[in-house]
Amino acid sequence: MSIDAAGLLAWYERERRDLPWRDPAVSAWQILVSEFMLQQTPVVRVLPIWLDWVARWPTPSATAAAGSAEVLRAWGKLGYPRRAMRLHQCAEVIAEHHGDVVPADVETLLTLPGVGSYTARAIACFAYGQWVPVVDTNVRRVVARAVHGLADAASPSPKRDEEEVAALLPNDASTPMFSAALMELGALVCTARAPRCGVCPLSSCAWREAGYPAGTAKPKRVQKYAGTDRQVRGRLLDVLRDSTSPVTRAQLDVVWLSDTAQRDRALDSLLVDGLVEQTRDGRFALCGEGEG
DNA sequence: TAGTCGTGGGG
DNA sequence: TCCCCAAGACT
């Protein structure tokens with residue numbers, strides 16, 4: 001079974017969200033920035049950060065010229081701050097080795113820090129209009145349901161997933177819009193929880209035709225957040241983002257009093273990740289403080 | 001391959 | 001309240 005491209009595209013024209021990075025005037029770099037920010041992060045939280053970001057640093061070289069500490073501050077509480085460091089590194093590589101132009105081919109894109117199988121293809125497709133499959137969690141879910149009649153996608157397998165989606169793509173200039181529409185359908189209608197099948201534009205869906213069978217996949221264990229090292233890291237970084245001068249160990253210690261071993265482990269991991277650095281006098285700061 | 005890595009909103 | 005989830009990458 002294939003996907004009803006005509007129905008999908010008509011629905012997309014009608015219902016698509018008016019997201020700023022979809023404006024045709026937006027540069028490949030700014031699309032790349034949006035893709036980094038959107039990794040595992042809802043659109044509504046990315047919007048304000050992205051708007052400020054591209055106004056402040058519109059090009060890779062402008063981003064590279066900023067210090068990584070300022071980049072981490074601009075990232076704010078978007079989450080997964082290692083993405084901000086990788087975005088900064090990505091800007092440096094593009095500025096230094098690619099003439100300040102985002103590469104257009106998937107192979108080269110895959111060499112960039114923080115660019116994996118999804119992001120490389122999203123840039124090639126949405127920024128450069130290339131015929132390449134773009135497979136994110138939304139696309140995998142839509143295909144699992146509409147094509148295979150399954151409630152949930154199997155565990156990701158990039159090569160296999162991309163081959164399968166490639167076979168569904170239209171062989172014309174509508175490919176980028178088709179991929180954007182598949183993702184949009186997964187985000188707005190064919191959602192993970194409480195899908196809105198009553199308003200689905202697809203003329204055929206294997207899952208619907210099978211009577212919406214429940215999923216059989218074993219429930220993937222959801223990772224807790226409260227009490228984890230990630231929460232401790234978040235609190236430590238919060239202190240460092242709010243201070244333009246290095247802070248003492250004591251100023252960091254107060255954010256996590258219940259488990260000192262865990263607190264030490266979290267701080268050490270931030271140092272290892274290159275998000276935090278220690279000054280010669282033993283205080284702590286965001287990495288790259290004073291640069292840029 | 002499975003675990004790690006933030007954060008906050010909604011059911 | 002608690003739990004699930006949101007345009008993944010990396011090890």
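Being a predicted model, the structure only gives us computed values, none of them experimental. Lettering of chains follows the sequences in order, A, B, ..., and the numbering in each one begins at 1.
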Phosphate OP1/OP2 of C:dG8: any A:Gln39 side-chain N/O under 4.0 Å: no
C:dA9 phosphate, OP1 or OP2, under 4.0 Å from A:Thr119 side-chain N/O: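 Affirmative; the distance criterion is met.
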Proximal nucleotide (of B:dG6, B:dC5, C:dA7) relative to the A:Arg83 side chain: B:dG6
Could you check how far [atom1] of [X] sits from [atom2] of [N], rounded to whole Å?
X: A:Lys224; N: B:dG6; atom1: NZ; atom2: C1'; result: 16 Å
X: A:Tyr118; N: C:dC10; atom1: OH; atom2: P; result: 14 Å
X: A:Leu270; N: B:dG6; atom1: CG; atom2: C1'; result: 11 Å
X: A:Leu188; N: C:dA7; atom1: CG; atom2: C1'; result: 12 Å
X: A:Arg86; N: B:dC5; atom1: CZ; atom2: P; result: 12 Å
X: A:Arg230; N: C:dA6; atom1: CZ; atom2: C1'; result: 13 Å
X: A:Glu162; N: C:dG8; atom1: CD; atom2: P; result: 14 Å
X: A:Gln40; N: C:dC10; atom1: CD; atom2: C1'; result: 13 Å

Ion pair check, A:Arg235 and A:Asp238, cut-off under 4.0 Å: no
For a quick check of understanding: with a heavy-atom distance under 4.0 Å over all strands, which category does [X] fall into, base, sugar-phosphate or nothing?
X: A:Ala194; answer: nothing
X: A:Gly116; answer: sugar-phosphate
X: A:Ala192; answer: sugar-phosphate
X: A:Ser269; answer: nothing
X: A:Pro81; answer: sugar-phosphate

Donor-acceptor pair between A:Gln251 and A:Thr248 side chains, under 3.5 angstrom: yes
Short side-chain donor-acceptor distance under 3.5 Å, A:Thr119 and A:Gln39: yes
Positions of residues 232-247 of chain A (non-hydrogen atom under 4.0 Å from DNA chain B), listed by number: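 Those residues are A:Arg233, A:Gly234, A:Arg241.
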Quiz: residues 43-52 of chain A side-chain donor-acceptor pairs under 3.5 angstrom, not counting sequence neighbours:
unit_1	atom_1	unit_2	atom_2	d
A:Arg45	NH2	A:Lys77	O	3.2
A:Arg45	NH2	A:Leu78	O	3.1
A:Trp50	NE1	A:Gln30	O	3.0

Which heavy-atom pair separates [X] from [Y] by the least distance, and what is that distance?
X: A:Ala66; Y: A:Val71; answer: CB-CG2, 4.3 Å
X: A:Val232; Y: A:Arg263; answer: CG1-CA, 4.0 Å
X: A:Ser68; Y: A:Gly288; answer: OG-CA, 3.3 Å

Can you check the distance between [N] and [M], where both ends of the measurement are the [atom1] atom (answer in whole Å)?
N: B:dG6; M: C:dT11; atom1: P; result: 14 Å
N: C:dG8; M: B:dT1; atom1: C1'; result: 16 Å
N: B:dT4; M: C:dA7; atom1: P; result: 23 Å

Strand-adjacent residues in residues 14-21 of chain A, judged by heavy atoms under 4.0 Å from DNA chain C: A:Arg17, A:Leu19, A:Trp21
Side chain to side chain donor-acceptor pair (under 3.5 Å): pairs with one or both residues in residues 185-213 of chain A, sequence neighbours excluded: A:Asp4-A:Ser203
Pairs touching residues 116-145 of chain A that satisfy salt bridge (charged side-chain N to carboxylate O under 4.0 Å, His left out), sequence neighbours left out: A:Arg121-A:Glu162
In one Ile/Leu/Val/Met/Phe/Trp/Tyr side-chain cluster, 4.5 Å: A:Trp21, A:Leu32: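 Yes.
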Side chains of A:Arg233 and A:Leu275 in contact at under 4.5 Å (non-hydrogen atoms):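 With C-beta onward as the side chain, the pair touches.
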Distance-only donor-acceptor test (3.5 Å): side chain A:Thr41, base B:dG6: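 In this structure, the two groups form a donor-acceptor pair.
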Separation between CG of A:Asn138 and CG of A:Leu185, rounded to the nearest 0.5 Å: 9.0 Å
Polar-atom pairs under 3.5 Å, protein N or O versus N or O of nucleotides 8-11 of chain B: list them with distances, or write none.
none

5'-most by nearest nucleotide on DNA chain C - A:Pro113 or A:Ser34: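 Taking each residue's closest nucleotide, the earlier one in sequence belongs to A:Ser34.
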Evaluation steps, salt bridge (Lys or Arg N to Asp or Glu O under 4.0 Å), between A:Glu70 and A:Arg73: CA-CA 5 Å; A:Glu70 274 315 294; A:Arg73 278 198 188 87; 2.8 Å; yes
